[in-house]
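In what follows, a structure is listed as structure tokens, so that the remarks can point back to it.
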Amino acid sequence: MWGPAGVGKTAIAQSCAKEATTRGVLGATFFFSRDNGVVAPAYFFTTIAYQLALQLDDYKAILGVKIQRNPAVLTKGLDAQFQELIISPFLELEGRNLCVQPRTVFIDGLDECGDDSAQAEMVELVASSIAEYGGRIPLLWAFFSRPEPHIEQTFSKYSASPFFWLIKLPISHSDDPDIRLFFRASLKLPDESSYDPSSRTGPWPSEEDLSTLVQMVAGLFIYAAVIVKYIMDPSALSPQRQLRDVLSLYLDQMLVTQVSEQDSPLAGLDAFYRMIMNRVPEKFLSIVQQILLVQTKWKLPTYTHIARDHVSPPVRLLANLFGLSIQEFENCFSKLRSVLTFEEHMLSPNGREKDGWPGSLMIVFYHASFLEFLHDPRRSGKYWIQDQRHWSSLAIKGLHLLKDIYAMNGLPQDKKIRKLRKLLPVCFSETAIPDEHFQFRDELCFDFLYTYTPVWCEFSGYVDEIIEELHRTDYAMLARLGESSGYDEPTSWQRFPENVRLADPHWKISHRRPPGERLFGHNRGWLNSPTDIESGLDYITSAFKILTEEAGCIDGLDQPSNVNQSPLQGPNDLVRSKVTDYFTSYVQDALEVAREINFEDLDAFDLLEYYCHEWQQYHYHYHANLGGARVPETIRRAALLPWEKNFLSVLQGTDNWLTNAALVRLKQLRDRDLLSQNASDVLLKFFESTIELQSTHGPSSSSYYATHIKSAVCQATVEYYTTEQSCMFLSDSTPLSNFKHIATRLSKEEYLHPGQFQSDMMQLCTDTLLKGHGEEVCKEFTVHLTAGNDKDLSWVLRATAWSVATTNQLLDIFKLDTKKMAFDTFLSADGDRVLSLQDSGTFERNLVDILWHNLELVEMTLETDGAKYHVPDDYAHKFRDGAEEVLEQIFNEYPQWRGEGNLWSHCARKAKEIRRLGWEVGSRCLYESDYETDLEECSWKELMLELQCEDHFQELF
């Protein structure tokens, strides 16, 4: 069914679907809507298949098997989805002689789906399947769409088929009776009375008013729907007054323009839309127009919290841009509720999970014709939203807000949050955790302001006021917020006028860096190289292959003159010498480029990024030439040491520039400054480079620079976290709460993960904070252990895990308490008689149960590998060994209680086997429905009973 906008296609589709449901022949429905964000073609056939499965049990069974065997089909292209999810199951049903009653599938708004190619592809897939299979696929497809040329062309190829027919739905007065009925049913007074109390002369609306309304809409159903929403607007003074306004508008229009029935009905709809816009107060009009303009240009390329497929941004972004509270924002649109509404913003287009953040609403339009009206200057006149002044205003607001938030860099976290809450009308409450505040800020800055402000600048045409504002904007700020590495201007701001970019000194510096072709080492490695280096590179590559083969296989290497050397010693020395010469030459070339761009002029931010970039290229070059073979350690050192001696030392300088730059970046990240989204990656690369350089020195020596950097970072970390106690965002200021808070924050610092960086910092911070509080911590641990309070016990263990001295103290308490519990349970008052346990084997098993229970109290609060709560890897093992030590002490003191064998060791060994095999063995056993394993001919059930850990086993799966 084809028809122009607003003629009633969707209403007919809904009515047909309802009738098909009543008759039991509905297969599925899919209503595309650009205004509501339902535009992605990827969900089309999967949704149809899901709805068909709800109707047809046999189809559902086949479909379930297909998806279980190949879950990837749900993410494949439209063609594969259609064949696997729709066609194939019905053909399989036919092969089983299972009859399926024909079902109808309704698709509305095809012209609003994705892009033109996706629309044509869906039609082509359905139409070609009908041409090929006919009635073998028991589905009737009903498409409702505007008559777009590409859709008409695709359908026309199958127009001769007996399975195809077309219904055109033109704008016609033949629908006037239905429109009249619609008005009569929809226009009712709030008290449900059909009489107008003010007139007391007859029903409301009168038959004459209904005739005028029908004549006014001229067969256009959308026009009738908008009029009803306008008249029945609950925020208006009364429906009667609203109706009088509508009728007056029509009569005035007839007098002024002499519109006849033959004129386009859009003229009447446009006049009505102008009347609606005219009701917006003048002081709000430009704000409303600019917000509506943002709506039309909303397309999120990347996202953190916002769902990509939404075509409408959350209200919080728009409200904060214009400095409005949610209530003020809604007030601005109070006169437009007949054409739009507010709905809950969801995290995904399927609408199953709410956003949950402040201002989680979005604007939804009742019909696309309203935005089409606003985008056409001939139709909307002064209400046209794409006026240049609106783009300019948006750009200036975006730049101002971005600069205001960026200016908070350098403040501690608590002051940042207070300023954010003062600046942004829509934000989290004071009780929210810091992470929520900063995630909220990052969404506003990165997903909205940084992405769209340059677009607004460009659409403004760079008028004088925009140019002046850009000259007052720090380009370094824009460069540092970009996702690039800082060597070229961020791509989203790339189209700035050249006079704007060149006016900023940061832009000049950032563009005195090596050209792109030379960055990846494909060309620069050969520059200024000695002649024998170039010819020697092939020799080096072939030599590595030979050096890693069996001893004596040295064909292809020039034999050294000294025959007394070992077969590999001579070639190794020669290769090492050539590698050193080659990479020394590479580093010298890199230094020349660094001096060309005056790296001394770079600030800490740019210097660190420049160094990391150069290291990445050097590292790439190193692996490209040496990474294909198992390179001997001496060769690896020969390749990496030139970097440390000749490049790192120069950029570090006598004032430790790189170390200081890393410390500045580290503090910025910890203070949650507004930085580029790859800021932490740069710091991680820097730390990784120092770790790798440290490894080149071997166990007997160390890298001065790596040691210095690590020491400085550790010291800065201790100072940051131990002096922060006075301004922490905590309601509880006890030492343990501080320990837990710091351990949690350090565990999230992913840029500290390489090597021993994080472990050393955690240990230093914990030892410093525990100073003077050891006795307090031990007392609290004893209380929680005795009471079996696993929650508070977990708090103590995780907060103090990185302190070796405190861990040893807690371990001693654990062993003493465990031993005491065992004796208290099994010994009488005289201390040497077993209570009702005559059999030593039974006693041993019960004693193991007690110790195992006490150990579980500790282990249940920790991940065994330390990954979840970021404790040392062997932390839980220490307590397990402690429990085993207690058991041995008791049996040594009372050997008569020991049964045959060592039950504890047996249990511990089995537990380790379970943890080691874990998913690999367990999954295989469950899949094959066979509990037998290779673990000493022992079944899983028997093993669970023997270990007394069935709950843990079930949790494993």
Side-chain angles (χ1 to χ4, degrees), residues 408-420 433-439 441-442 603-605 607-608 655-676 679-688 690-691 706-773 798-803 806 869-872:
M408 299 177 193
N409 282 2
L411 296 176
Q413 286 194 29
D414 58 333
K415 291 186 177 179
K416 274 194 184 75
I417 291 175
R418 286 198 293 269
K419 279 187 168 290
L420 279 172
I433 61 174
D435 279 350
E436 289 179 323
H437 289 285
F438 294 119
Q439 289 170 7
R441 175 203 66 182
D442 291 348
D603 59 17
F605 187 98
L607 180 65
L608 186 66
D655 295 327
N656 298 313
W657 291 332
L658 282 174
T659 302
N660 295 334
L663 296 180
V664 170
R665 175 63 64 88
L666 186 61
K667 189 174 186 305
Q668 289 174 331
L669 288 168
R670 285 172 173 164
D671 286 338
R672 300 300 294 268
D673 280 0
L674 186 65
L675 301 172
S676 66
S680 60
D681 295 337
V682 172
L683 197 59
L684 178 62
K685 290 175 185 175
F686 179 69
F687 290 149
E688 285 176 340
T690 60
I691 295 296
T707 303
H708 170 77
I709 291 169
K710 180 178 178 180
S711 175
V713 171
C714 286
Q715 184 61 34
T717 300
V718 172
E719 292 177 0
Y720 182 85
Y721 282 113
T722 56
T723 58
E724 190 194 30
Q725 298 175 67
S726 60
C727 61
M728 282 185 180
F729 318 112
L730 299 171
S731 57
D732 183 1
S733 59
T734 63
L736 284 178
S737 66
N738 286 342
F739 302 155
K740 180 184 178 184
H741 172 73
I742 290 171
T744 301
R745 287 183 61 182
L746 271 173
S747 68
K748 294 179 180 179
E749 295 187 353
E750 298 179 354
Y751 37 83
L752 298 180
H753 284 187
Q756 291 295 313
F757 263 65
Q758 191 186 41
S759 304
D760 293 345
M761 292 180 203
M762 293 285 278
Q763 183 174 341
L764 282 169
C765 286
T766 307
D767 285 338
T768 303
L769 290 167
L770 277 170
K771 195 172 183 180
H773 297 287
R798 282 182 272 157
T800 60
W802 293 95
S803 173
T806 305
Y869 296 119
H870 300 280
V871 299

| request: Quick one: closest heavy-atom pair of G410 and D673, and the distance? | output: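 Looking at all heavy atoms of both residues, the closest pair is N-OD1, 3.1 Å.
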With side chains defined as the heavy atoms from C-beta onward, is the minimum distance between [X] and [Y] less than 4.5 Å?
| X | Y | answer |
| --- | --- | --- |
| L666 | T717 | yes |
| T659 | V713 | no |
| L683 | L608 | yes |

| said: Could you check whether any side-chain N or O of T690 sits under 3.5 Å from a backbone N or O of F687, counting only pairs where one atom can act as donor and the other as acceptor? | reply: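 Yes; judged by distance alone, with no hydrogens or angles, the pair exists.
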Rounded distance (nearest 0.5 Å) linking atom [atom1] of [X] with atom [atom2] of [Y]:
| X | Y | atom1 | atom2 | answer |
| --- | --- | --- | --- | --- |
| L420 | M408 | CG | CE | 4.5 Å |
| R441 | H437 | CZ | NE2 | 11.5 Å |
| S680 | K685 | OG | NZ | 10.0 Å |
| R672 | Q413 | CZ | CD | 6.5 Å |
| I417 | K419 | CD1 | NZ | 13.5 Å |

| request: Quickly, which of N409, L663, L675 forms a side chain to side chain contact (heavy atoms under 4.5 Å, CB included) with Q668? Name it, please. | output: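 The residue from N409, L663, L675 that satisfies side chain to side chain contact (heavy atoms under 4.5 Å, CB included) with Q668 turns out to be L675.
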| message | Can you list everything that forms a side chain to side chain donor-acceptor pair (under 3.5 Å) with D671? Sequence neighbours excluded, please. | response |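 Checked D671 against side chain to side chain donor-acceptor pair (under 3.5 Å); matches are K667, Y720.
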